[in-house]
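Note that the structure is predicted; figures quoted are calculated from it, not measured. Heavy atoms only: backbone and side chains are in, while hydrogens, waters and symmetry mates are out.
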Amino acid sequence: MKHPDPRLRAYCDLVVAEPVSVTSARDPETAWEVLVEDALTAVAIVREMAPAGAVDVGSGGGSPGIPLALALDVPVTLLEATRTKCRFLERAVAAVGAPCAVVNARSEEYARGQGRDRFPLAFARALAPPPVAAELVLPLVAPGGAAILWTGPHVDHDALAGTAELVAGAVEDVHEIAPGRRLVVLRKAGPTPERFPRRPGIARARPLVPVPSSSA
């Protein structure tokens, strides 16, 4: 997939040229496929939702947040816990003119403050196994809003659905976008229960529903 917006290529080039690795994709073509093409598989879904804004949880090198912000002109908050990656994100956003803001915080802490039940849409790509990702992102989503998880082929749907339900969400749809690649849409049904988010690190260490190690 090639895209006419030169800012997408410029963003990808910035990632590859960054001396401090912000992603495992270092080859230019691999980086394009992993960071841009994979992100843009959600364009049709996001466009249909027409959100006023979104949050990219665990943004890392800026995907999917920056490509989707550029492609759809949707304001995206890039939420990232590592300060080194945040500095890169700030430079990349300024360089390509993306409608993005960078927040240096853990999702659990942000969802206990100004990020709680705030965003119409959340993204999670390569954040954690899907059930864990659901627990981390749903507290940031406003009631009635949605979250999109990029997943591999092996998803424990019972664990994902069970976790989402505990955090006031539900699995709404699963889109197979390529062999072995899916987009899972979660819908936020109501306000985040008071017990969530749990303390930083607990979602990974003690998942609400057991997660098989093969889930991705």
Side-chain angles (χ1 to χ4, degrees), residues 7-8 10-26 31 34-36 38-39 42 46 51-130 132-142 145-150 167 186 188 192 195-206:
R7 296 176 300 172
L8 290 167
Y11 155 68
C12 196
D13 290 344
L14 287 168
V15 174
V16 173
E18 179 66 13
V20 177
S21 179
V22 292
T23 174
S24 60
R26 305 298 287 174
V34 171
L35 300 176
V36 177
D38 194 43
V46 178
V55 59
D56 180 11
V57 185
S59 190
S63 179
I66 291 176
L68 287 170
L70 290 173
L72 296 170
D73 196 29
V74 173
V76 177
T77 296
L78 307 175
L79 180 61
E80 173 54 47
T82 304
R83 182 57 194 154
T84 302
K85 293 180 180 179
C86 285
R87 285 195 289 267
F88 165 76
L89 292 172
E90 289 163 353
R91 292 196 302 274
V93 165
V96 302
C100 297
V102 179
V103 174
N104 182 200
R106 294 191 63 130
S107 62
E108 300 97 328
E109 295 166 344
Y110 193 50
R112 279 291 178 188
Q114 62 179 326
R116 188 178 188 83
D117 292 343
R118 172 179 173 181
F119 295 93
L121 181 60
F123 309 131
R125 178 185 171 277
L127 175 66
V132 177
E135 181 180 350
L136 293 173
V137 304
L138 281 172
L140 297 165
V141 178
I148 301 175
L149 311 183
W150 277 249
V167 197
L186 307 177
K188 186 75 174 293
T192 301
R195 66 176 289 211
F196 296 108
R198 293 186 288 170
R199 289 183 291 109
I202 297 299
R204 293 176 185 271
R206 297 204 297 270

(message) For Arg199, I'd like to know if atom CZ has over 12 heavy atoms of other residues, nucleotides or ligands within 6.0 Å.
(response) no
(message) Can you give me the closest heavy-atom contact between Leu8 and Pro67, atom names plus distance?
(response) CD2-CA, 3.6 Å
(request) With side chain to side chain contact (heavy atoms under 4.5 Å, CB included) as the test, would you mind laying out the steps for Thr192 and Leu138 before giving the verdict? (result) CA-CA 8 Å; Thr192 301; Leu138 281 172; over 6 Å; no
(request) Could you tell me which non-hydrogen atom of Pro139 sits nearest to which non-hydrogen atom of Ala134, and how far apart they are? (result) CD-O, 4.3 Å
(request) Please name the pair of heavy atoms, one in Pro64 and one in Trp150, separated by the smallest distance, quoted to 0.1 Å. (result) CG-CH2, 3.6 Å
(request) Look at the side chain of Arg204 and the backbone N and O of Ala128, then say whether any donor-acceptor pair between them is shorter than 3.5 Å. (result) no
(request) Output the distance between atom OG (Ser107) and atom CD (Glu135), rounded to the nearest 0.5 Å. (result) 9.0 Å
(message) Contact between Pro200 and Glu109 at the side-chain level, heavy atoms closer than 4.5 Å - yes or no?
(response) yes
(request) Give a yes or no on whether the backbone of Arg206 and the side-chain of Arg198 come within a donor-acceptor separation of less than 3.5 Å. (result) yes
(message) Just to verify, what does Ala105 make a side chain to side chain contact (heavy atoms under 4.5 Å, CB included) with, not counting sequence neighbours?
(response) Leu79, Val103, Tyr110
(message) Any non-hydrogen side-chain atom of Ile66 less than 4.5 Å from a side-chain atom of Leu78?
(response) yes
(request) Please examine the side chains of Leu140 and Arg116, heavy atoms only from C-beta on, and report whether any two atoms are closer than 4.5 Å. (result) no
(request) Check whether any side-chain heavy atom of Leu121 sits under 4.5 Å from a side-chain heavy atom of Val141, and report yes or no. (result) no
(message) Using every non-hydrogen atom in the two residues, find where Phe88 and Gly61 come nearest and quote the distance to one decimal.
(response) CE2-O, 3.5 Å
(message) Do Val137 and Phe123 have side chains that approach each other closer than 4.5 Å (heavy atoms only, starting at C-beta)?
(response) no
(request) Look at the side chain of Asp56 and the backbone N and O of Ala122, then say whether any donor-acceptor pair between them is shorter than 3.5 Å. (result) no
(request) Kindly indicate whether the side chain of Asp38, heavy atoms from C-beta on, has any atom under 4.5 Å from the side chain of Arg125. (result) yes
(message) Restricting to non-hydrogen atoms, name the atom on Arg7 and the atom on Leu70 that form the minimum distance, rounded to 0.1 Å.
(response) NH2-O, 3.4 Å
(request) Using atom types as modelled and distance alone, determine if a side-chain donor or acceptor of Thr77 lies under 3.5 Å from a backbone N or O of Val55. (result) no
(message) Would you compute the distance between atom CD of Glu90 and atom CG of Asn104 and round it to the nearest 0.5 angstrom?
(response) 8.0 Å
(message) Within the 4.5 Å heavy-atom criterion, are Ser59 and Leu89 side-chain neighbours or not?
(response) yes
(message) I'd like to check Leu68 versus Val74 (side-chain heavy atoms, cut-off strictly below 4.5 Å). Are they in contact?
(response) no
(request) Determine yes or no for a side-chain-to-main-chain donor-acceptor pair under 3.5 angstrom, with Glu108 supplying the side chain and Leu136 the backbone. (result) no
(message) Among residues at least two apart in sequence or on other chains, which ones pass side chain to side chain contact (heavy atoms under 4.5 Å, CB included) with Lys85?
(response) Val22, Glu80, Thr82
(request) Give the minimum heavy-atom separation between Gly53 and Pro120, together with the two atoms involved. (result) O-CD, 3.4 Å
